[in-house]
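Right, one structure below, let's go through it.
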Amino acid sequence: MMLIPTHHFRDIERKPEYLQPEKCVPPPYPGPVGTMWFIRDGCGIACAIVTWFLVLYAEFVVLFVMLIPSRDYVYSIINGIVFNLLAFLALASHCRAMLTDPGAVPKGNATKEFIESLQLKPGQVVYKCPKCCSIKPDRAHHCSVCKRCIRKMDHHCPWVNNCVGENNQKYFVLFTMYIALISLHALIMVGFHFLHCFEEDWTTYGLNREEMAEAGISLHEKMQPLNVSSTECSSFSPPTTVILLILLCFEGLLFLIFTSVMFGTQVHSICTDETGIERLKRKNQPRECTGSWQSVKETFGGDFSLNWFNPFSRPCQPEIPSDKDMVRQVTSLSDTETTEDPSEETKDEDSVEVTDE
């Protein structure tokens, strides 16, 4: 039978040297609670830096091109507070999503001694990841970038340089929501700024000498809006201002569409209790769902409150899985018929009990 590339890679992963539990090193000692999590991936680090740069660019244009030069102090103060608050929450959510352990499974715990201590009964198996040599609980998947198995892994996002999993999905949802809000806010302010300045200042800036003479405008009066006046729209020249605003419009529109789609996708995954990977795989095995509202409360941290929108509040911490949670009951032979090479079936009992996934 011809194998598709996925099957080909799985056959390579199931070589004997990767499947034998005695090849696993003992698990490392767990770090202290709250240890910072950071993925050393060049692409992810570059994307995270670009994300911060784009937010800071939007901050610069909004403050120094639109709000500070405006003579409407109420308008500037209100929009400045709203935009800076949303930008702060967006960057805080980004940091929490990037520096929070997404739910990594202990690495290297698939040792022969540990598997023997489980005392598996007939029909029971444990699934082992051949890449990180860890026993995988239900709904865990291996990330090739993080090089770990992640519980309830949805996907790996380079923009936050981390996986989106059980422990940091809330922060990722807040990040996409706040980025979409500041993008929409910036686009609305740019629209008002263009309308106001086109009527106030920029119509006189482009007049030639003949047109100014007919309108009774002196050269000094024409250049006055570029300095300080009651109708000043920007500290920069109109061409520079237009370029900065057009770039901000392009950035805001692009990120508004992108983050809105991601936000809707994540909310749908939470409400249906189905991760992106599970939605792609569509496994035939039935899985018990916790219910849409229960899943939402677990993700955002309890009953509805303002803490749902606070990137500094933690989501509901899942119970630490016990040894029994790692053992799965096989209902039919088809559950494991593709997980072992035929040459390995008669080696020892561990090759039957330890199932590659």
Side-chain angles (χ1 to χ4, degrees), residues 4-6 8-10 12-13 18 28 31 35-60 87-108 129-134 136 139-180 182-183 247-248 250-267 269-270 275-281 311:
I4 61 176
T6 303
H8 176 68
F9 292 147
R10 289 177 63 84
I12 294 176
E13 294 168 3
Y18 290 98
T35 301
M36 187 178 68
W37 172 277
F38 184 75
I39 302 301
R40 295 178 178 85
D41 175 58
C43 177
I45 295 174
C47 290
I49 294 175
V50 170
T51 301
W52 275 69
F53 172 78
L54 293 175
V55 174
L56 294 178
Y57 171 79
E59 183 83 13
F60 168 79
F88 170 76
L89 292 174
L91 294 179
S93 301
H94 182 271
C95 287
R96 293 301 300 270
M98 180 172 59
L99 302 179
T100 300
D101 182 350
V105 177
K107 191 175 183 178
C129 177
K131 296 179 181 179
C132 59
C133 206
S134 61
K136 298 170 64 174
R139 307 185 68 183
H141 303 279
H142 184 85
C143 175
S144 59
V145 179
C146 298
K147 296 180 175 59
R148 298 288 293 274
C149 286
I150 308 298
R151 296 191 301 271
K152 292 183 66 175
M153 174 182 169
D154 187 89
H155 69 286
H156 183 91
C157 179
W159 296 105
V160 297
N161 189 34
N162 201 1
C163 278
V164 178
E166 188 175 62
N167 295 341
N168 68 342
Q169 190 173 25
K170 169 187 175 178
Y171 308 130
F172 182 76
V173 172
L174 293 181
F175 167 67
T176 57
M177 182 184 71
Y178 288 129
I179 289 294
I182 65 173
S183 299
L247 291 177
L248 179 60
F250 178 77
E251 174 193 342
L253 185 62
L254 181 65
F255 275 86
L256 175 61
I257 297 174
F258 176 73
T259 54
S260 297
V261 172
M262 289 301 301
F263 175 77
T265 302
Q266 290 298 304
V267 171
S269 297
I270 295 173
T275 66
I277 294 179
E278 291 169 348
R279 188 164 54 252
L280 291 175
K281 288 188 173 182

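- Looking at F38 and I45, their side chains come closer than 4.5 Å, going by heavy atoms from C-beta outward.
- Considering every non-hydrogen atom in both S183 and G252, the closest pair reads CB-O, 3.4 Å.
- Side-chain N or O atoms of N168 include none that pairs as donor or acceptor with a backbone N or O of R96 at under 3.5 Å.
- A distance-only check finds no donor-acceptor pair linking the side chain of D101 to the backbone of N167 [under 3.5 Å].
- Atom NZ of K107 is separated from atom CZ of R148 by 6.5 Å, given to the nearest 0.5 angstrom.
- Pairing each heavy atom of F175 with each of A90, the nearest pair is CD1-O, 3.5 Å.
- No side-chain heavy atom of Y178 sits less than 4.5 Å from a side-chain heavy atom of L91.
- In terms of heavy atoms, N162 sits closest to C146 at OD1-SG, 4.1 Å.
- The CZ atom of F263 lies 6.0 Å from the CE atom of M177; values are rounded to the nearest 0.5 Å.
- Remark: R139 CZ to T275 OG1 distance equals 6.0 Å, nearest 0.5 Å.
- Inspection of the S269 and R279 side chains reveals an N or O donor paired with an N or O acceptor under 3.5 Å.
- Listed here is the closest heavy atom pair of F172 and V160: CD1-CG1, 4.1 Å.
- Two residues are said to be in side-chain contact when any heavy atoms from C-beta on lie closer than 4.5 Å; I270 and Q169 meet this criterion.
- Atom NE2 of residue H94 and atom CG of residue L99 lie 9.0 Å apart, to the nearest 0.5 angstrom.
- Annotation: the span from I150 atom CD1 to K136 atom NZ amounts to 11.0 Å, rounded to 0.5 Å.
- W159 CH2 to I179 CD1: the interatomic distance, rounded to the nearest 0.5 Å, is 11.0 Å.
- Of all heavy-atom pairs between A180 and L256, the closest is O-CD1, 3.4 Å.
- No side-chain heavy atom of H155 sits under 4.5 Å from any side-chain heavy atom of H141.
- Here the side chains of P311 and L89 are in contact, with some heavy-atom distance below 4.5 Å.
- Residues A87 and V55 come closest through the heavy atom pair CB-CG1, 4.4 Å.
- T176 places a side-chain N or O within donor-acceptor distance of the main-chain N or O of V173, the cut-off being under 3.5 Å.
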